[in-house]
Protein chains: 2
Amino acid sequence: MTTANPTNSLAVEDLGSAAQRDRRKRILDATIALASQGGFDAVQMRAVAEKADVALGTLYRYFPSKIHLLVSALHREFERTETALRDKPVEGDTTADRVITVLKRTTRGMQSDAQLTEALTRAFMFADASVAAEIHQVGMLLTSMLTHAMYPEGHEVTDEDVQIARVIGDVWLSALVGWVTGRNSAAETGQQIEVAVRLLLRD
Amino acid sequence: MTTANPTNSLAVEDLGSAAQRDRRKRILDATIALASQGGFDAVQMRAVAEKADVALGTLYRYFPSKIHLLVSALHREFERTETALRDKPVEGDTTADRVITVLKRTTRGMQSDAQLTEALTRAFMFADASVAAEIHQVGMLLTSMLTHAMYPEGHEVTDEDVQIARVIGDVWLSALVGWVTGRNSAAETGQQIEVAVRLLLRD
DNA sequence: GACGAAACTGGAACGTGTTCCTAATCTAGT
DNA sequence: ACTAGATTAGGAACACGTTCCAGTTTCGTC
């Protein structure tokens with residue numbers, strides 16, 4: 001899956017020079033700042049470029065589209081969340097409780113910045129095949145977060161566990177989309193997730 | 001929920017004159033024709049207007065955005081599917097079997113026109129709050145399809161049944177998005193749905 | 001330190017969704 | 001049939017994502 005990657009496509013893991021890493025960071029910072037302030041529509045490529053102090057062409061060299069940009073931002077945010085979560089063990093007696101705790105905490109975090117969440121979620125859902133790589137990474141991160149919640153310490157994770165985690169991830173995403181688009185309230189969103197988890201993890 | 005609706009917003013249920021109903025139909029026909037031929041990107045508002053033999057301004061009078069247009073098209077298609085399904089009783093011994101049958105049949109139908117499905121699904125997922133009404137209708141239709149599959153004949157439907165149906169609908173949508181964006185193969189999509197249904201409906 | 005390649009800047013230009021305006025046409029009420 | 005009001009046609013204009021280009025700067029190599 002690791003394709004040859006000579007000089008272009010700095011988007012994923014290629015580090016580049018310090019200046020390049022710094023540019024990339026500035027771009028993602030600008031993206032998130034604009035997104036938190038005005039959501040998906042406020043993340044305008046010209047505005048991102050200006051705020052990141054980078055030419056428009058350079059922005060496109062780093063991120064080939066607005067969607068790539070936002071999904072990459074989502075990835076970075078998610079990584080932050082995941083490492084923060086990885087440290088402290090999750091409280092809760094049953095797998096269901098732990099998963100619900102983790103998901104609700106994450107959801108609450110996202111709901112505290114509705115605009116940002118709207119921007120990132122919409123981008124994630126709108127992504128087409130050209131963003132498959134980045135999407136896949138985010139999906140893996142989410143699944144891993146969930147299996148971690150299911151089994152706190154290096155417990156074996158079966159195929160079925162992964163399947164369940166994936167289903168839960170799907171429901172979580174759908175619920176988030178429902179919330180972002182104003183179809184569900186925050187309470188309904190939490191309930192929707194809880195229902196799904198309890199149905200899927202009744203052991 | 002039925003707000004006053006004097007003259008505008010013909011999009012949902014307002015019938016209007018025969019000529020207007022005909023225009024609306026021509027627009028949706030053109031939309032679906034373009035979508036099945038070239039997917040989301042091929043549904044260009046100028047192209048739809050021309051193909052439907054309608055001015056651009058008129059198109060926007062009937063459907064206030066491309067997303068509204070595509071979601072309305074999805075709604076019409078879904079209604080067609082649902083009434084077609086409603087007739088013949090679903091075969092299958094268990095609830096899980098019946099639900100899987102219905103979903104797989106529907107999925108197969110959609111996969112047979114990949115471009116159309118891509119267009120409609122992406123629109124559905126990209127929709128923002130302003131499309132909430134149309135989205136909600138489609139969601140209700142889907143839930144009703146699923147509860148119908150669970151209980152063939154006028155059997156009572158509990159709250160939990162509806163919740164389960166909703167979860168299944170979420171998973172189905174996520175799976176569809178995965179397929180549409182080239183992340184999952186058709187086989188994986190089917191499997192993903194089957195896994196979720198069997199987990200949720202093990203009685 | 002000089003050279004060539006790659007990256008960056010600044011900005012023009014293009015495509016498509018959306019808005020807006022004017023003139024022509026249709027519809028309802030008399 | 002006539003008129004007022006609503007609807008539609010036709011098309012210009014604007015916004016933002018994206019592409020492209022010419023000139024400048026940075027970077028690796030000798």
Side-chain angles (χ1 to χ4, degrees), chain A residues 5-11 14-27 30-31 34-35 37-73 119 122-123 126-128 130-131, chain B residues 5-11 14-27 30-31 34-35 37-73 119 122-123 126-128 130-131:
Chain A
N5 195 1
T7 50
N8 57 348
S9 179
L10 311 178
D14 214 333
L15 292 175
S17 71
Q20 286 173 330
R21 254 178 289 124
D22 189 56
R23 268 195 208 92
R24 185 168 200 278
K25 177 178 181 329
R26 288 207 310 275
I27 291 172
T31 302
L34 288 169
Q37 177 205 313
F40 188 88
D41 290 339
V43 180
Q44 301 186 356
M45 299 306 267
R46 290 174 180 84
V48 172
E50 187 177 3
K51 189 157 196 140
D53 203 28
V54 139
L56 190 55
T58 305
L59 172 54
Y60 272 94
R61 165 179 275 277
Y62 280 70
F63 301 96
S65 79
K66 175 171 174 173
I67 300 294
H68 281 83
L69 173 60
L70 281 167
V71 173
S72 299
R122 304 248 327 267
F126 193 60
D128 68 354
S130 75
V131 206
Chain B
N5 196 359
T7 50
N8 55 350
S9 177
L10 311 178
D14 213 333
L15 291 177
S17 71
Q20 286 173 330
R21 255 178 289 125
D22 190 55
R23 270 196 205 89
R24 185 169 200 278
K25 175 178 183 327
R26 287 206 311 273
I27 292 172
T31 302
L34 289 169
Q37 177 205 313
F40 186 87
D41 292 338
V43 181
Q44 301 185 356
M45 300 305 268
R46 289 174 181 82
V48 172
E50 187 177 2
K51 189 157 196 141
D53 204 27
V54 140
L56 191 54
T58 305
L59 172 53
Y60 273 93
R61 165 178 275 275
Y62 280 69
F63 301 95
S65 78
K66 174 170 173 172
I67 299 293
H68 281 84
L69 173 60
L70 281 167
V71 173
S72 299
R122 305 251 322 269
F126 194 60
D128 68 355
S130 74
V131 206

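Heavy-atom basis, side chains included; hydrogens, waters and symmetry copies ignored. Residue numbers start from 1 in every chain, and the chains themselves are labelled A, B, ... in the order their sequence lines are given, proteins ahead of strands.
C:dT16 atom C1' lies 11 Å from atom CZ of B:F40, rounded to whole Å. In this entry the distance linking CZ of B:R61 with P of C:dC21 reads 15 Å, nearest Å. Distance B:D22 CG to D:dT8 P: 12 Å, rounded to the nearest Å. The interatomic distance linking B:L34 (CG) with C:dG17 (P) rounds to 11 Å, in whole Å. Note: NE2 (B:H68) to C1' (C:dG17) measures 14 Å, nearest angstrom. At whole-Å resolution of the value, NZ in B:K66 and P in D:dC16 are 18 Å apart. Atoms CD (A:Q44) and C1' (C:dG17) sit 14 Å apart, rounded to a whole Å. Straight-line distance from the CZ atom of B:F63 to the P atom of D:dT8: 12 Å, rounded to whole Å.
Contact record, A:A42 with A:L34: CB-O, 3.7 Å, taken as the closest heavy-atom pair.
Within the structure, every side-chain polar atom (N or O) of A:Q20 is placed at least 4.0 Å from both OP1 and OP2 of D:dC27. Within the 4.0 Å cut-off from OP1 or OP2 of D:dC20, not a single side-chain nitrogen or oxygen of A:Y60 is found. Distances shorter than 4.0 Å separate none of the side-chain N or O atoms of B:Y62 from OP1 or OP2 on D:dT7.
Atom OG1 in A:T31 sits 12.5 Å away from atom CD in A:Q44 (nearest 0.5 Å). Taking CE of A:M45 as the start and OG of A:S65 as the end, the distance is 6.5 Å to the nearest 0.5 Å.
Along DNA chain D, the nucleotide nearest A:R23 and the nucleotide nearest A:M45 are compared for position; the residue whose nucleotide lies closer to the 5' end is A:M45.
No cation-pi contact links A:K66 to A:Y60, judged by a cut-off of 6.0 Å to the six-membered ring centre and 45° from its axis. B:R23 forms no cation-pi arrangement with B:Y62, by the criterion of a distance under 6.0 Å to the ring centre and an angle within 45° of the ring axis.
Contacts with DNA chain C (heavy atom under 4.0 Å) in residues 46-56 of chain B: B:R46, B:L56, listed by number.
Distance alone, capped at 3.5 Å, is enough to place a donor-acceptor pair between the B:Q20 side chain and the B:S17 backbone. Between the B:T58 side chain and the B:V54 main chain, no donor and acceptor come within less than 3.5 Å of each other.
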